[in-house]
Amino acid sequence: PQCQFFNESSSTRWLFVEELLEPLGALLPSPDSVKHSVCEPAEAKPSKEKIPLLLAEWSLDLSRLSKDTEVSLPIEDGPRSPKQDDTLTSSQVQVQSVQGALPLLGLRLFSPFLDGPLAGVPLHRVSSFLLVVQASYKNMPYHNSLHGAEVGLLGHWLCRETGAFANMSPLVQLAFVTAALCHDVGHPGENNNFQKTSRSSLAVIYNDKAVLENFHAAETFRILASEQCNFSEAMSP
């Protein structure tokens with residue numbers, strides 16, 4: 001595989017990520033709709049021409065982003081000299097393979113924040129967080145990583161189309177997208193009532209109060225606390 005680098009000829013890290021994701025085309029929401037949604041109010045009434053595009057984004061089949069679909073991201077992050085090759089083989093540099101619906105969609109949804117709250121964060125740390133979140137979802141029929149990706153997509157779509165993003169700061173927008181992607185991480189497959197009636201270890205830890213909700217939040221912070229995934233420590237407001 002080949003790997004692109006963010007270099008001085010690329011105007012923004014957002015542009016770099018979009019160039020990286022470009023081969024995935026219609027498998028992801030469009031980059032313009034994602035970038036513009038975080039800083040512009042939604043239209044009061046979309047035009048007839050735009051409605052089919054909105055519905056198409058709502059109904060994207062994220063299962064098509066299979067394990068065979070991937071992008072290669074350099075482990076190092078930062079500007080490179082324009083005199084150096086923009087494209088290097090994986091034998092020349094350490095790369096990270098980013099595959100699966102949740103990390104690939106997450107890169108698209110996080111991309112508008114790469115030149116804002118995440119400007120000081122190494123890009124591979126963001127992708128590592130998304131990869132670990134995906135791996136932390138269990139292989140359940142419903143509460144799996146694909147479900148996390150779908151909630152991330154639909155949550156983003158709703159905030160964009162209702163104008164909710166226009167009333168949020170970039171930091172709050174980023175927190176919302178993160179929470180949507182991680183909202184069921186580690187789900188054991190049984191609901192809160194089961195946890196309480198079976199006196200599970202989770203029910204004991206969280207004193208029968210919003211057992212799974214507290215557990216998912218704790219799992220998310222646990223992942224963020226690891227050095228390879230902690231994109232919060234270098235964030236800007």
Side-chain angles (χ1 to χ4, degrees), residues 6 10-21 28-46 50 53-54 57-58 60 62 73 77-79 98 102-134 148-185 210 213-214 216-237:
F6 172 61
S10 297
S11 58
T12 64
R13 299 208 303 168
W14 171 82
L15 180 60
F16 166 69
V17 169
E18 293 315 325
E19 289 174 352
L20 201 67
L21 296 176
L28 291 168
S30 70
D32 287 340
S33 68
V34 170
K35 183 173 175 63
H36 294 159
S37 67
V38 299
C39 56
E40 296 179 0
E43 297 179 30
K45 186 176 182 180
K50 190 176 179 182
L53 298 176
L54 295 178
E57 281 199 353
W58 172 274
L60 280 174
L62 296 181
L73 196 69
D77 186 57
V98 181
L102 193 148
L104 292 171
L105 175 71
L107 279 178
R108 172 58 51 84
L109 298 184
F110 277 19
S111 63
F113 308 108
L114 294 175
D115 299 302
L118 297 175
V121 180
L123 187 54
H124 64 82
R125 188 173 294 189
V126 176
S127 56
S128 291
F129 170 78
L130 294 168
L131 286 165
V132 173
V133 168
Q134 175 172 254
E150 289 173 338
V151 170
L153 171 66
L154 299 185
H156 185 280
W157 192 95
L158 285 169
C159 281
R160 183 185 77 201
E161 295 308 314
T162 61
F165 272 149
N167 297 305
M168 299 181 193
S169 69
L171 196 58
V172 173
Q173 294 170 9
L174 174 60
F176 173 83
V177 173
T178 303
L181 293 170
C182 301
H183 79 284
D184 270 339
V185 65
E213 289 74 17
N214 279 308
H216 301 316
E219 282 293 280
T220 301
F221 284 111
R222 179 187 62 79
I223 296 170
L224 271 174
S226 64
E227 184 178 356
Q228 64 173 343
C229 300
N230 191 349
F231 64 75
S232 63
E233 65 179 2
M235 287 197 328
S236 56

Worked verdict on V126 versus V121 for side chain to side chain contact (heavy atoms under 4.5 Å, CB included): CA-CA 7 Å; V126 176; V121 180; 3.9 Å; yes
Does L114 form a side chain to side chain contact (heavy atoms under 4.5 Å, CB included) with F16? I'd like the steps, not just the answer. CA-CA 10 Å; L114 294 175; F16 166 69; over 6 Å; no
State the [atom1]-[atom2] distance between [X] and [Y], to the nearest 0.5 angstrom.
| X | Y | atom1 | atom2 | result |
| --- | --- | --- | --- | --- |
| E219 | H183 | CD | NE2 | 14.0 Å |
| L102 | L131 | CG | CG | 9.0 Å |
| L73 | S127 | CG | OG | 4.5 Å |
| R13 | E18 | CZ | CD | 13.0 Å |
| S111 | L118 | OG | CG | 10.5 Å |
| L60 | L105 | CG | CG | 8.5 Å |

What I'd like to find out is whether the side chain of [X] reaches to under 4.5 Å of the side chain of [Y], using heavy atoms alone.
| X | Y | value |
| --- | --- | --- |
| C159 | M168 | yes |
| L130 | V98 | no |
| P112 | L174 | no |

Non-hydrogen atoms of A180 and G152 that approach each other most closely: CB-CA, 3.8 Å
Exactly one of E227, E233, Q228 should register a side chain to side chain donor-acceptor pair (under 3.5 Å) with R125. Which one does? E233
So F129 and F110, would you call those rings parallel, tilted or perpendicular, with 30° and 60° as cut-offs? parallel
